[in-house]
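Residue numbering restarts at 1 for every chain, and letters A, B, ... go by the order of the sequence lines.
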Number of protein chains: 2
Amino acid sequence: MKSESLMLNDPMPLTPIASAPQAEPEKRVRDRGATEKAILNAAKALLAEEGFQNFGINAVARKAGCDKQLIYRYYGGLNGLVDAIGADLGTWVKDRIPEDTGGMFLLTYGDLMERLSLLFLQALRDDPLMRRIVAWEVSENTEQVRRLSEARSKALATWLERMRGSLTPPKGVDAVAVNAILIAAIQHIVLSASAGGQCAGLALKASKDWEKAEQALKRIVRGVYG
Amino acid sequence: MKSESLMLNDPMPLTPIASAPQAEPEKRVRDRGATEKAILNAAKALLAEEGFQNFGINAVARKAGCDKQLIYRYYGGLNGLVDAIGADLGTWVKDRIPEDTGGMFLLTYGDLMERLSLLFLQALRDDPLMRRIVAWEVSENTEQVRRLSEARSKALATWLERMRGSLTPPKGVDAVAVNAILIAAIQHIVLSASAGGQCAGLALKASKDWEKAEQALKRIVRGVYG
DNA sequence: ATCAAATGTCGCCGAGCGGCGACATCGATC
DNA sequence: GATCGATGTCGCCGCTCGGCGACATTTGAT
């Protein structure tokens, strides 16, 4: 939730943060930085909650409690705002990297991929914004979604890279292709579950359903990577 | 009266080119049956070409070259029309079942699933309408999409059932869960390719890209089913 | 105190949407 | 020919959307 690295300005050095831990929600005095954050947060929350269908200038402004004109002024419209969301996705990597990763004794590439698969599954299940973005990616091909997609793809690649460490896939296996399919499977399973509570006849609601899915996923990973 | 308009256009709509809707020169005189068909075909074509985003009464009426009032009269609105599309999906099964299936010598469940996976992959790649519906399913959870989803799910299940024949999965493997994951992977791969030409860093444009993907998919299926 | 810039607000525009009532036209039947 | 139901057409309604011009208020430097 920390993203001072906006492309626009570094506003006024003194930030009258009011310092109250729980500031009164109503009166937001003229503070561009705060307004920008409010807009960005509103956009992310709106996208996460409602999906891309009803994602627009009016809705974001409503949710942020400000005039839509400010979105044009501060972000240059929806496109800029989407870019800001994309930039924010970089933090996803940091939040999802357990620091003790190195401590684990992942002996084989199979161990690694089994672990990563389950981690990614869980991460997606826990992250509605990311889910909505993935759904958006497979539903449209506009400039907006293309930028978001690129940011997400980069974040994912970085994450994989860092988690991989020095392990290398077994010879004779096209790891890029296989992993792409595994990632696709995980993404679609989670999306299907989120949308309809099932996927191809497999119920995905109760936690025992998910245990089944995880078991199957492990089997698949182990089958291909040993 | 079947499938002459099932697969129009290429599988990769880059930009919703506003090509002239080009009404067919055929002059429809007052013929309710023909009008109903025209509406249904327009709806399917529109959904296949433009996706669910711009799918609405006005757009369908425009494409069908008739007044939207007729959609209300004949189908009871968009919901009824969507139901009609769903009912039409039943034909999907018939079109996708090679009659010589029984003649094939599929020795093992692994043989079967490898074959089915590739067949399903190809079928989805060739069927823009089905792709759009899958994308819709993971993006919304409205009554409309729920009905469509059910029809598609049933069609898919029927297809799998018929193709399976008498083969049974190996013991100790949760075939339902594993197959759900395989189907999820295929669907997501195809959707990603259609939308962005790649998936998780794996390019999916040229046919050699797809050969890679198919190879990896086969490996995965063989890994889990032997 | 003054004033210009930064910040926030209001309301309009043209367009498209779903929905529907009212009307026009045709064709079969009497 | 007159009638009446089936079929097709027209235009309106209320709403939301994205976009933006014009205005109001506050702040900070002079």
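Under the side chain to side chain contact (heavy atoms under 4.5 Å, CB included) criterion, Q69(B) pairs with D67(B), Y72(B), R73(B), not counting sequence neighbours. Residues satisfying the salt bridge (charged side-chain N to carboxylate O under 4.0 Å, His left out) criterion with E214(A), sequence neighbours excluded, are absent altogether.
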Next item on the list: Report, as a single string ordered 5' to 3', how protein heavy atoms within less than 4.0 Å touch nucleotides 15-27 of chain D: B base, S sugar-phosphate only, - not at all.
Entry: --SBBBB---BS-
Please list, one pair per line, the donor and acceptor atoms closer than 3.5 Å that link side chains of residues 123-131 of chain A to other protein atoms, with sequence neighbours excluded.
| unit_1 | atom_1 | unit_2 | atom_2 | d |
| --- | --- | --- | --- | --- |
| D127(A) | OD1 | L129(A) | N | 3.2 |
| D127(A) | OD1 | M130(A) | N | 3.1 |
| D127(A) | OD2 | W92(A) | NE1 | 3.1 |
| R131(A) | NE | L124(A) | O | 3.2 |
| R131(A) | NH1 | S194(A) | OG | 2.5 |
| R131(A) | NH2 | R125(A) | O | 3.2 |

Compile the donor-acceptor pairs under 3.5 Å between side chains in residues 52-66 of chain A and protein atoms, sequence neighbours left out, one pair per line.
| unit_1 | atom_1 | unit_2 | atom_2 | d |
| --- | --- | --- | --- | --- |
| N58(A) | OD1 | K68(A) | NZ | 3.1 |
| K63(A) | NZ | E49(A) | OE1 | 2.6 |

Validation: residues 195-211 of chain A side-chain donor-acceptor distances under 3.5 Å, sequence neighbours left out:
| unit_1 | atom_1 | unit_2 | atom_2 | d |
| --- | --- | --- | --- | --- |
| D209(A) | OD2 | K205(A) | N | 3.0 |
| D209(A) | OD2 | A206(A) | N | 2.9 |

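Between I39(A) atom CD1 and dT7(C) atom P the separation is 12 Å, expressed in whole Å. Atoms CD (E36(B)) and P (dA6(D)) sit 14 Å apart, rounded to a whole Å. Between the OH atom of Y74(A) and the C1' atom of dA5(C) there is a distance of 12 Å, given to the nearest Å. As a whole-Å value, the separation of I71(B) CD1 from dT9(D) P is 12 Å.
The side chain to side chain donor-acceptor pair (under 3.5 Å) contacts involving residues 74-87 of chain B comprise N79(B)-Q144(B), D83(B)-R147(B), where partners must be two or more places apart or lie in separate chains. Residue pairs meeting the salt bridge (Lys or Arg N to Asp or Glu O under 4.0 Å) criterion with at least one member in residues 148-159 of chain B, sequence neighbours excluded, are E137(B)-R152(B).
Non-hydrogen atoms lying under 4.0 Å from DNA chain D are contributed by nothing in residues 137-147 of chain B.
Between the side chain of S192(B) and the backbone N or O of I189(B) there is no donor-acceptor pair closer than 3.5 Å.
The side chain of T35(A) places an N or O atom within less than 4.0 Å of a non-bridging phosphate oxygen (OP1 or OP2) of dG8(C).
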